[in-house]
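In what follows, residues are counted from 1 in the order of the sequence shown.
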Amino acid sequence: MSAPVKGPASYFPSIEKKYGRPIAEWKELIRASPLTKHMELVTWLKTEHGIGHGHANALVAHTLAEDSGK
């Protein structure tokens, strides 16, 4: 039996279901953005893509942590 997913990744199934795009696509958009700060990216996802705050925060946190090697 595998351990339950914790942290930002625990939001991924509901993000894909609600917004109809795979997580990899959201991460590509985040990485392609000229913005680099966490809250700037969260605000951008909310305003430009209509993502809720919690989902945007989870996507940005996971992507930035992944890119920094954490």
Side-chain angles (χ1 to χ4, degrees):
M1 191 164 145
S2 62
V5 177
K6 295 181 181 178
S10 67
Y11 287 93
F12 290 176
S14 61
I15 292 170
E16 288 180 334
K17 183 178 178 182
K18 184 167 184 169
Y19 305 106
R21 288 183 170 183
I23 295 305
E25 195 172 313
W26 289 114
K27 288 182 174 188
E28 286 175 28
L29 284 171
I30 291 167
R31 289 180 176 120
S33 169
L35 304 172
T36 58
K37 294 184 179 175
H38 182 97
M39 286 311 297
E40 289 176 340
L41 287 160
V42 169
T43 301
W44 173 72
L45 285 172
K46 289 168 61 177
T47 57
E48 295 297 317
H49 298 283
I51 296 182
H53 182 81
H55 286 162
N57 192 54
L59 283 166
V60 171
H62 195 273
T63 304
L64 293 180
E66 199 173 67
D67 290 353
S68 70
K70 292 182 181 176

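Taking all atoms of both residues into account, the shortest heavy-atom contact from Leu35 to Glu40 is CD1-O, 3.6 Å. Considering every non-hydrogen atom in both Ser14 and His55, the closest pair reads OG-NE2, 3.3 Å. Minimum heavy-atom separation, Phe12 to Ala58: CE2-O, 4.5 Å. When every heavy atom of Leu45 is checked against every heavy atom of Ile30, the shortest pair comes out as CD1-CD1, 3.9 Å. Between Ser10 and Gly7 the shortest heavy-atom distance is OG-O, 2.6 Å.
Atom NZ of Lys46 and atom CE of Met39 lie 6.0 Å apart (nearest 0.5 Å). Expressed to the nearest 0.5 Å, how far NZ of Lys27 lies from CG of Asp67 amounts to 8.5 Å.
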Given side chain to side chain contact (heavy atoms under 4.5 Å, CB included), test Leu64 with Leu41 step by step and report yes or no. CA-CA 10 Å; Leu64 293 180; Leu41 287 160; 4.2 Å; yes
Are His38 and Asn57 close enough, and set up right, to give a side chain to side chain contact (heavy atoms under 4.5 Å, CB included), and what steps lead you there? CA-CA 8 Å; His38 182 97; Asn57 192 54; 2.5 Å; yes
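The pair Glu28-Arg21 does not count as a salt bridge, with every side-chain nitrogen at least 4.0 angstrom from each carboxylate oxygen.
Between His62 and Tyr11, the ring centre distance reaches or exceeds 6.0 Å.
Using modelled atom types, no side-chain atom of Thr63 and backbone atom of Val60 make a donor-acceptor pair closer than 3.5 Å.
Contact of the Tyr19 side chain with the His49 side chain is not registered, since no non-hydrogen atoms from C-beta on lie closer than 4.5 Å.
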